[in-house]
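The figures that follow rest on heavy atoms only: side chains count, while hydrogens, waters and symmetry mates do not. We number each residue from 1, following the sequence as shown.
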Amino acid sequence: MSGGIWMGKGLSFRGFGHYFPRHCEEIPADLPEAPEAEAAVLGPDLGVERRHLSDDTETVPYMAVEAGRHALRNAGLEADDLDLVVFSSWSQRRYAPEDAPRIAMRLGAGRALAFDVCAACVGFVHSVQTAAAMLTSHQWRRALVVCSDQFSRRLKPGRRGSYVGGDGAGAAVLEAGSPDDSRLRDSVVLSYGEHAGVSKARGSAGWTVSLPSIAQVAAATAGEATDLVLRRAGMTMADVDWVVPHPGSTRISEELVRRIGADPAMVLTNLRTRGQTTSATIPSALSEFTESGELRKGDVILSPAAGAGWFSGALLYQL
């Protein structure tokens, strides 16, 4: 890879981690039929065979800490080695104070600056870009990016679409090292106020509701972010080994893969086995697939995402 805004900055992913709640629910075969508008969002195949549901002890901060510990172990680091903790969560917005300082404290990262960000399902991309920008100031060297969500609690029970949502957390350690070792090549986050109503919370319960156009909007906007990072790197999809996206739903994933011209065989997600975990989908998948050996050192990976706000984003990097 020859270009990108982080080239020559020495930024690399050092390790990944994940956490999924203890309770795993198998999705029943006799789900209720989806109304036409909901079917347009989901596609004909729900795309989820099982999902994880958190109990009252497995809070958003609890899952974040567990995923963060996993990432630190994978990176061979201690919590005291961290300079930054960047935390992303979308599914639980009614909280005060913000969660990141408490997560850093529970990890034992007492000297790290910790703060929250949000961009819904683009939260991981947004967090990585924020951490990367701060690491290149040379004031900090290592950052833990951690995403934790309880999306199952933001979908109205009883509907077919509610079975897509799962709970979980994913994390990554990002490190600034030698300028010659720049494996994080590029990142971009874009916002679109004109699409703000495509996916939003409604009613006192804050149930998430999406328009039937969401798959087309997600594919178009995440495709725009993908085009940008590939163009800046002087690359095409033929130069990418794997696509690890935020899938959203099978319909959204299919539209996105078609839009960016990717071979479906090169797309890796954990949607089918974990459910849709919003900002945690990309980092938890990276953790699982590196742990299983499917993703290997040296692989070139593209991670596009789109989500409520409206936002889109993409990461381009090498393991």
Side-chain angles (χ1 to χ4, degrees), residues 16-28 31 41-42 46-71 87-95 98-100 102-103 106-107 116-124 126-127 144-172 199 201 205-210 244-250 252-253 269-289 291 305 307-308:
F16 301 103
H18 64 272
Y19 176 82
F20 293 103
R22 294 177 288 270
H23 177 63
C24 181
E25 177 188 65
E26 299 290 331
I27 305 302
L31 292 178
V41 173
L42 299 173
L46 188 65
V48 179
E49 294 175 354
R50 58 183 184 272
R51 61 179 181 158
H52 292 257
L53 303 176
S54 54
D55 60 29
D56 289 341
T57 67
E58 294 170 306
T59 62
V60 164
Y62 175 89
M63 294 191 296
V65 170
E66 292 300 309
R69 286 172 175 162
H70 186 184
F87 172 64
S88 169
S89 183
W90 173 77
S91 58
Q92 184 175 282
R93 300 303 305 278
R94 299 185 184 94
Y95 57 84
E98 293 194 335
D99 282 326
R102 183 167 37 150
I103 290 166
R106 291 180 179 178
L107 280 168
D116 292 35
V117 302
C118 184
C121 297
V122 188
F124 180 66
H126 181 31
S127 299
L144 175 70
V145 170
V146 59
C147 305
S148 181
D149 273 304
Q150 293 172 319
F151 191 42
S152 70
R153 304 188 182 196
R154 295 297 300 271
L155 298 170
K156 189 173 183 179
R159 294 186 175 182
R160 184 181 181 87
S162 69
Y163 289 93
V164 171
D167 305 335
S199 184
W207 303 127
T208 301
V209 179
S210 299
V244 182
H246 169 70
S249 69
T250 53
I252 293 172
S253 182
T269 80
N270 55 12
L271 177 68
R272 191 165 293 278
T273 56
R274 305 297 190 180
Q276 212 274 57
T277 56
T278 58
S279 68
T281 56
I282 294 173
S284 66
L286 290 171
S287 178
E288 290 200 280
F289 290 121
E291 204 169 74

Are any non-hydrogen side-chain atoms of [X] and [Y] less than 4.5 angstrom apart?
X: F87; Y: V145; answer: no
X: L42; Y: T250; answer: no
X: W90; Y: C121; answer: no
X: F124; Y: P283; answer: yes
X: T57; Y: Y62; answer: no
X: P245; Y: I282; answer: no

Which residues satisfy the ring pair (Phe, Tyr, Trp, His ring centres under 6.0 Å) test with F289, sequence neighbours excluded? none
What pair of heavy atoms forms the shortest contact from [X] to [Y], and how long is it?
X: A169; Y: M63; result: CB-O, 3.4 Å
X: H52; Y: P21; result: ND1-O, 2.8 Å
X: S148; Y: S279; result: N-OG, 4.1 Å
X: C147; Y: A280; result: O-CB, 3.7 Å
X: V146; Y: G68; result: CG2-N, 4.5 Å
X: V122; Y: G307; result: CG2-N, 3.6 Å

Tell me which pairs pass salt bridge (charged side-chain N to carboxylate O under 4.0 Å, His left out) where either residue lies in residues 53-63, with sequence neighbours left out.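 Qualifying pairs: R22-D55, R22-E58.
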So salt bridge (charged side-chain N to carboxylate O under 4.0 Å, His left out) across residues 273-283, not counting sequence neighbours, yields R274-E288
Restricting to salt bridge (charged side-chain N to carboxylate O under 4.0 Å, His left out), what partner residues turn up for R159, sequence neighbours left out?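 If we apply the salt bridge (charged side-chain N to carboxylate O under 4.0 Å, His left out) test to R159, skipping adjacent residues, there are no hits.
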Kindly write out the residues that satisfy salt bridge (charged side-chain N to carboxylate O under 4.0 Å, His left out) with E291, not counting sequence neighbours, or none if the list is empty. none
Using the side chain to side chain contact (heavy atoms under 4.5 Å, CB included) criterion, which residues pair with [X]? Sequence neighbours excluded.
X: E25; result: H23, I27, R51, L53, Y163
X: S162; result: L155
X: A71; result: L144, A171, V173

Main chain of [Y], side chain of [X]: is a donor-acceptor contact present, judged purely on distance under 3.5 Å?
X: S127; Y: G123; answer: yes
X: D116; Y: D99; answer: yes
X: Q276; Y: T278; answer: yes

Pairing donors with acceptors under 3.5 angstrom, does anything connect the side chains of T277 and D149?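 Looking only at side-chain atoms, D149 and T277 do not form any donor-acceptor pair under 3.5 Å.
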Are N270 and T281 linked by a side-chain donor-acceptor pair shorter than 3.5 Å? no
Identify, with sequence neighbours excluded, every residue that meets side-chain hydrogen bond (donor to acceptor under 3.5 Å, both in side chains) alongside [X].
X: S199; value: S210
X: H18; value: S287
X: S88; value: none
X: S54; value: Q150, R153, D167

Working note: R69 + L107, criterion side chain to side chain contact (heavy atoms under 4.5 Å, CB included); need CA distance, chi angles, decisive distance, verdict. CA-CA 7 Å; R69 286 172 175 162; L107 280 168; 3.6 Å; yes
Out of curiosity, H246 NE2 to L271 CG, how far, rounded to the nearest 0.5 Å?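 Going from the NE2 atom of H246 to the CG atom of L271 covers 8.5 Å.
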Out of curiosity, R272 CZ to E49 CD, how far, rounded to the nearest 0.5 Å? 5.0 Å
